[in-house]
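Presented below is the structure to which this report refers.
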Amino acid sequence: MRFAPSPTGMFHVGSARSALFNWCLAKQSGGTFILRIEDTDESRNRPEWTQGIIDAMAWLGMGTSDPCFEGPYFQSSYAGEHVAAAHRLLSSGSAYYCDCTRDDVVARTGDGNLGYDRHCRDRGLDVAEGRALRFRVPTGHTVVQDRVRGTVEFDNDLIEDFVLLRGNGSPMFLLANVVDDLQMGVTLVVRAEEHLPNTPKQQLIWDALGAAHPAWAHVPVLVNEQRKKLSKRRDKVALEMYKDEGFLPEAMRNYLMTLGWSPGGDVEILPWDDIVASFRLEDVNHSPAFFDLKKLEAFNGDYIRALGVDAFVAACEPWTRSVEGFNEALFRKIAPHVQLRLVRLSDVADAVDFLFRVDPIVDEDSWTKVMTTDIAAAVLRASLAEYERCPWDAESMKAALERIGEGLGLKLGKTQAPVRVAVTGRSVGLPLFESLEVLGRDESLRRLRAAAGRLGVA
RNA sequence: GCCCCCAUCGUCUAGUGGCCUAGGACACCACCCUUUCAAGGUGGCGGCACGGGUUCGAAUCCCGUUGGGGGUGCCA
C-alpha cells in the first residue's frame with residue numbers, strides 16, 4: 001500500500017480520504033503503509049507543505065510511529081533510478097527522443113485538443129539538451145482491472161506517446177510513480193478516480209519494464225455543491241482549517257470514510273476499529289460524493305457529546321485558553337452542559353466566556369428585546385431579593401424564580417429571560433440556574449444589581 | 001472535439017432478480033419534552049433520470065437516450 005501526495009498546498013480532505021482508505025487496507029491486511037512525497041515538480045513544492053501533510057495525517061491517527069507506517073520517502077531523491085529506468089526503456093526500444101515543442105505539434109495537427117502526433121517516433125534522435133524522452137505506446141488495447149470499477153479497456157491508438165523525461169532530463173510523474181512503486185514493492189494502488197486515465201499508461205510502463213503491475217483501485221472524487229471536484233482554489237479543502245475550527249479528528253475520519261463507502265446496515269457512526277475491520281474496496285461506491293459540511297457537523301456534535309468530561313475539557317483547551325479570566329475548575333463544572341450544545345469546539349469560547357470575564361459581553365439586541373418589557377424590572381427586583389438569601393443551588397434558584405413568575409402570572413420561560421440577560425449578557429445560552437450556581441452568589445448578585453441599575457430600578 | 005467513469009430522497013447511503021408499499025443518516029417541517037438554546041423522543045416531507053428490452057418477476061441484468069463528472073501538459 002502506498003499513499004503518494006504531492007506537496008503543492010495544504011492537505012486536501014480528498015487526499016485525506018484516500019490516505020484513510022489505504023490505511024484501513026494496510027491495517028487489516030497486515031501490510032505496510034508507505035508515505036511517499038511526490039515532489040518532482042520543483043516549482044510547486046515547499047517543505048512546509050510536506051510537514052503539513054505529516055502533521056495532518058498524524059492528527060487523523062496515521063502516525064509515523066505506527067508499526068505499519070513507512071516513510072516519508074521523497075520521490076525527488078530517486079531521480080537517479082527514474083532516469084536509469086528511462087534509459088532502459090530507451091535501449092529496449094520502448095522510448096525515443098523528441099525535439100518538438102507544444103507549438104510545433106499544434107502547428108502540425110492544427111488542433112490544440114489533439115495529443116502528440118508521434119512526429120519523432122522514428123527519427124532516431126539522440127539525447128540532447130532540450131529533447132524530451134517519450135514512451136512508444138504499442139498498438140493494441142490495454143485492459144485495466146480495477147478493484148472498485150471492474151474492467152476498463154483503453155484503445156492504445158488513443159493514448160499519446162507521453163513524456164517520460166523532460167527536456168532538462170528530469171523524470172515526469174508517470175514514470176517516477178511507476179519506478180518507485182516497483183522499487184518499493186507496492187502491490188496495491190488506491191487513489192482518486194482522476195488517475196484512472198493515467199493507469200493504462202502506467203500499466204504500459206510496467207509491462208515495458210518487464211514487471212508485474214500492482215492491483216489498481218480508483219475511488220470516486222469528492223465534489224462541492226456544484227458537483228465539481230473539490231479544488232484548492234475554489235473550496236475549503238484544507239484539513240488544517242477543519243482542525244482549527246474545532247472538528248474532532250475522530251469525527252472527521254469517520255465522516256470521510258462514509259463518503260463513497262458505508263459500513264452497511266443502519267449505522268454510520270462507529271468505532272474506528274470497526275471501520276478498519278469492515279472496510280472493503282469492493283464496497284466502495286462508483287459515483288462522486290458531495291462533501292457536506294452540515295453532515296460533518298452532525299458527526300462532530302455526536303462525537304463531542306460522546307466525550308468524557310476530562311477529554312472534553314482537554315479538547316477545548318486550544319479555544320478556552322484565550323478566554324479572559326478562564327478558570328478550568330469552573331469550566332469543568334459547567335462542561336457537561338456545554339458539551340450538549342457544541343457543534344464545533346471553537347464555539348466554546350462564546351458559550352462560556354460570561355462565566356470568566358469581569359463583566360459579560362452584553363448583546364444589545366438581547367437587551368432590547370428582553371429588558372424593555374414591563375416585567376423585566378419587576379423580575380429583577382424580585383429575584384435580587386430572593387437570591388440574596390435562597391440556598392445557592394440550581395434547584396432552589398429555579399424554585400425561587402418559579403414563585404416570582406407565579407406572582408407575576410408568568411411562565412418560567414418568560415421569567416428567566418431578564419435574569420439570563422443580566423447575568424450572561426445574552427438571551428440564549430447554557431441552562432441558567434446551573435450557570436448561576438457555578439458563577440456564585442456574589443458575582444451573580446453583582447450582575448443583577450448592575451442590570452437593575454442600568455434599568456433605573458432602585 | 002476525443003477518451004474514460006458515473007447515475008436510488010436536496011445530500012451521504014442500504015439495496016447484488018422476489019424479503020421494496022425502496023430502509024437508515026444529515027438537512028428541512030410539525031408535535032412532545034423543556035429553563036432560553038440544544039440534546040432526546042414521535043411523526044412528516046422526499047428518491048430508483050428517461051425509453052426500450054431480458055424475465056413469471058427488475059432499483060437490481062442488457063441496449064439506447066439524457067444528464068453529470070474526470071482526463072485530455074515537457075503538472076501531479
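This is a predicted model, so every value here is computed, not measured. In what follows, chains are A, B, ... by sequence order, proteins preceding strands, each numbered from 1.
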Give a yes-or-no answer on whether the side chains of [X] and [Y] include a donor-acceptor pair shorter than 3.5 Å.
X        : Y        : value
A:Arg420 : A:Thr415 : no
A:Asn168 : A:Arg131 : no
A:Glu193 : A:His218 : no

Span that lies between the [atom1] atom of [M] and that of [N], in whole angstrom:
N     : M     : atom1 : result
B:C28 : B:C37 : P     : 15 Å
B:G47 : B:A25 : C1'   : 15 Å
B:C48 : B:U60 : P     : 12 Å
B:G51 : B:C9  : C1'   : 23 Å
B:U13 : B:G1  : C1'   : 36 Å
B:U21 : B:C5  : P     : 33 Å
B:G64 : B:G23 : P     : 32 Å

Under-4.0 Å side-chain N/O to phosphate OP1/OP2 contact, [X] with [N]:
X        : N     : result
A:Thr40  : B:A76 : yes
A:Lys294 : B:A27 : no
A:Lys229 : B:G71 : yes
A:Asn285 : B:A14 : yes
A:Arg166 : B:C75 : yes
A:Arg134 : B:C74 : yes

Looking for any heavy atom pair under 4.0 Å, which part of the strands does [X] touch: base, sugar-phosphate only, or nothing?
X        : value
A:Gly130 : base
A:Leu401 : nothing
A:Phe154 : sugar-phosphate
A:Leu158 : sugar-phosphate
A:His195 : base
A:Ala289 : sugar-phosphate
A:Arg420 : base
A:Lys228 : sugar-phosphate

Confirm from the modelled atom types if [X] and [N] form a donor-acceptor pair under 3.5 Å, side chain to base only.
X        : N     : answer
A:Asp39  : B:A76 : no
A:Arg149 : B:C5  : no
A:Lys295 : B:A27 : no

Who does [N] pair with, Watson-Crick or G-U, both distances under 3.5 Å?
N     : answer
B:A39 : none
B:C19 : none
B:G67 : B:C6
B:G1  : B:U72

May I ask you to establish whether [X] and [Y] are in a cation-pi arrangement, using a distance under 6.0 Å from NZ or CZ to the six-membered ring centre and at most 45° from the ring axis?
X        : Y        : result
A:Arg253 : A:Trp272 : yes
A:Lys201 : A:Phe154 : no
A:Arg36  : A:Phe3   : no

- Message: Nearest heavy atom decides the nucleotide; on that basis, is A:Ala298 or A:Gly429 closer to the 5' end of RNA chain B?
- Response: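 Nearer the 5' end of the strand: A:Ala298.
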- Message: Please compare A:Phe299 and A:Val152 by the position of their nearest nucleotide in RNA chain B and report the one closer to 5'.
- Response: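 Mapping each residue to its closest nucleotide by heavy atoms, the 5'-most match is A:Val152.
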Check every atom of [options] against the side chain of [X] and return the nucleotide holding the closest atom.
X        : options             : result
A:Glu160 : B:G23, B:U72, B:C37 : B:U72
A:Ser287 : B:G40, B:A7, B:U36  : B:A7
A:Leu432 : B:C75, B:U35, B:G69 : B:U35
A:Arg305 : B:C5, B:G40, B:G24  : B:G40
A:Ser6   : B:U35, B:A76, B:C74 : B:A76
A:Phe290 : B:U35, B:C74, B:U11 : B:U11
A:Arg102 : B:U36, B:C74, B:U13 : B:C74
A:Glu268 : B:G24, B:C6, B:A25  : B:A25

Just how far, in rounded Å, is [atom2] of [N] from [atom1] of [X]?
X        : N     : atom1 : atom2 : value
A:Leu259 : B:A14 : CG    : C1'   : 16 Å
A:His141 : B:C4  : NE2   : C1'   : 14 Å
A:Glu297 : B:A25 : CD    : C1'   : 15 Å
A:Glu193 : B:C5  : CD    : C1'   : 5 Å
A:Asp235 : B:G69 : CG    : P     : 13 Å

- Message: Is there a side-chain contact between A:Asp292 and A:Leu296 in this structure, where contact means two heavy atoms from C-beta onward sitting under 4.5 Å apart?
- Response: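 No. Closest side-chain heavy atoms not under 4.5 Å.
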- Rounded distance [0.5 Å steps], CZ in A:Phe162 versus CG in A:Leu204: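 A:Phe162 atom CZ to A:Leu204 atom CG measures 6.5 Å (nearest 0.5 Å).
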- How are the rings of A:Phe173 and A:His195 set to each other: parallel, tilted or perpendicular (split at 30° and 60°)?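 Tilted, since the angle between the ring planes falls between 30° and 60°.
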